[in-house]
Amino acid sequence: KDTKFPVVIVLNGGPWGNVIHDPKTDVIEYLEKSDKNSQWKDDGTVPNDDQGPVPGLNRILTYNHYNTEVRKYHKRNMQAAVKVIADFAEKNPDLFIALTTDPEIFMSPFYYSDYNPDTIKEFIDYEKKRFDSLQEFNQAMGTDFGSWEKVDPPRPSRNKGDAQAGNPLWEEWTDFRISLVDQYVQEEVD
């Protein structure tokens, strides 16, 4: 306001939003302390923030819909921030250009994710809605799962061939993961 410089404000509440790295004051760091709130690697482990090429970005919040804790905090914090921004925009229409949502909501780029048990449960529920039966799912995916509870997404650390274009289950899992990000972004916009 002092410089009369117009602004575009970015609501960055995703992976880049935890710049303080102190779970006492940084809600993302606090949430990431729990494995259930984090994206899991395909080998069933959850990395620490310092295990990877970008410190602080190796443990990322999950986007599955069964994790109500992450969604509750995200919604609360985004709404609180937007109230402050809306007040600024109303009082300073000449300085406010636009507001954008988080431009970098993503699955971890450092490992195959998100194999969080709740994400896999959501994947199974997603598939149950898309297919009339497990038999139809197995036929389309080229799999032979004995029950819906046994359905498991491809895990490239176990079998490198799982992560190949053209593998129906890999394509289905990839589409599902994309839909999680899309839905999370849409919730932020809403």
Side-chain angles (χ1 to χ4, degrees), residues 11-17 27-28 31-47 52 57-79 101-190:
L11 281 175
N12 204 340
W16 296 102
V27 71
I28 293 173
L31 292 169
E32 286 176 349
K33 285 180 68 161
S34 169
D35 287 353
K36 75 178 183 79
N37 293 336
S38 301
Q39 291 182 24
W40 291 35
K41 295 166 66 172
D42 76 313
D43 65 3
T45 63
V46 183
L57 269 185
N58 302 294
R59 192 170 176 109
I60 298 175
L61 294 175
T62 186
Y63 303 129
N64 74 66
H65 288 86
Y66 294 125
N67 190 303
T68 56
E69 185 176 24
V70 169
R71 292 185 126 60
K72 177 184 81 172
Y73 277 101
H74 188 251
K75 181 178 181 178
R76 182 200 72 180
N77 290 3
M78 288 296 172
Q79 286 177 338
T101 58
D102 193 333
E104 294 187 290
I105 294 174
F106 52 82
M107 294 290 181
S108 174
F110 308 122
Y111 52 86
Y112 291 108
S113 65
D114 175 16
Y115 291 81
N116 180 306
D118 283 339
T119 303
I120 294 172
K121 181 181 181 325
E122 186 172 343
F123 174 66
I124 292 168
D125 290 345
Y126 172 86
E127 296 305 323
K128 285 179 178 179
K129 291 176 187 166
R130 292 179 38 81
F131 292 93
D132 291 332
S133 67
L134 178 62
Q135 180 181 353
E136 184 182 326
F137 172 81
N138 277 330
Q139 186 174 1
M141 299 300 125
T143 56
D144 61 354
F145 296 110
S147 69
W148 280 112
E149 293 74 28
K150 300 277 186 196
V151 170
D152 194 41
R155 296 180 184 262
S157 67
R158 184 175 57 210
N159 178 9
K160 295 294 181 203
D162 281 353
Q164 292 182 347
N167 173 339
L169 187 57
W170 178 255
E171 298 287 344
E172 193 74 8
W173 174 242
T174 299
D175 289 346
F176 168 74
R177 292 172 62 237
I178 291 167
S179 78
L180 286 180
V181 173
D182 287 348
Q183 291 171 37
Y184 199 83
V185 170
Q186 187 60 54
E187 285 178 14
E188 193 171 271
V189 170
D190 292 346

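Just so it is clear, the structure is predicted and the values come from calculations on it, not from any experiment.
- Residues passing the side-chain hydrogen bond (donor to acceptor under 3.5 Å, both in side chains) test with T143 are N138, sequence neighbours excluded.
- Every residue two or more places apart in sequence or in another chain that forms a side chain to side chain contact (heavy atoms under 4.5 Å, CB included) with S157 is listed here: D42, D43.
- Not counting sequence neighbours, the partners of D152 by the salt bridge (charged side-chain N to carboxylate O under 4.0 Å, His left out) test are R155, R158.
- Partners of F131 according to the ring pair (Phe, Tyr, Trp, His ring centres under 6.0 Å) rule, which considers only residues two or more places apart in sequence or in another chain, are F137.
- Applying the salt bridge (charged side-chain N to carboxylate O under 4.0 Å, His left out) test to every pair with at least one member in residues 173-182, sequence neighbours left out, gives no pairs at all.
- Residues passing the side-chain hydrogen bond (donor to acceptor under 3.5 Å, both in side chains) test with N116, sequence neighbours excluded: none.
- Formation of a donor-acceptor pair under 3.5 Å by the Y111 side chain with backbone atoms of N58 is found in this model.
- Residues satisfying the side chain to side chain contact (heavy atoms under 4.5 Å, CB included) criterion with T101, sequence neighbours excluded, are E188, V189.
- Two residues are said to be in side-chain contact when any heavy atoms from C-beta on lie closer than 4.5 Å; P154 and Y112 fail this criterion.
- S133 meets the side chain to side chain contact (heavy atoms under 4.5 Å, CB included) test with Q135, E136; sequence neighbours excluded.
- A salt bridge (charged side-chain N to carboxylate O under 4.0 Å, His left out) check over residues 66-79, counting only residues at least two apart or in different chains, returns the pairs K36-E69, R71-E187.
- When the shell of 6.0 Å around CD of Q139 is examined, it contains 12 or fewer heavy atoms from other residues, nucleotides or ligands.
- Counting non-hydrogen atoms of other residues, nucleotides and ligands closer than 6.0 Å to NZ of K128 gives a total above 12.
- Not counting sequence neighbours, the partners of Q186 by the side-chain hydrogen bond (donor to acceptor under 3.5 Å, both in side chains) test are D190.
- Listed by first then second residue, pairs satisfying salt bridge (charged side-chain N to carboxylate O under 4.0 Å, His left out) with a partner in residues 111-124 read K121-D125, not counting sequence neighbours.
- With sequence neighbours excluded, the residues forming a ring pair (Phe, Tyr, Trp, His ring centres under 6.0 Å) with F176 are F123, Y126, W173, listed by chain and number.
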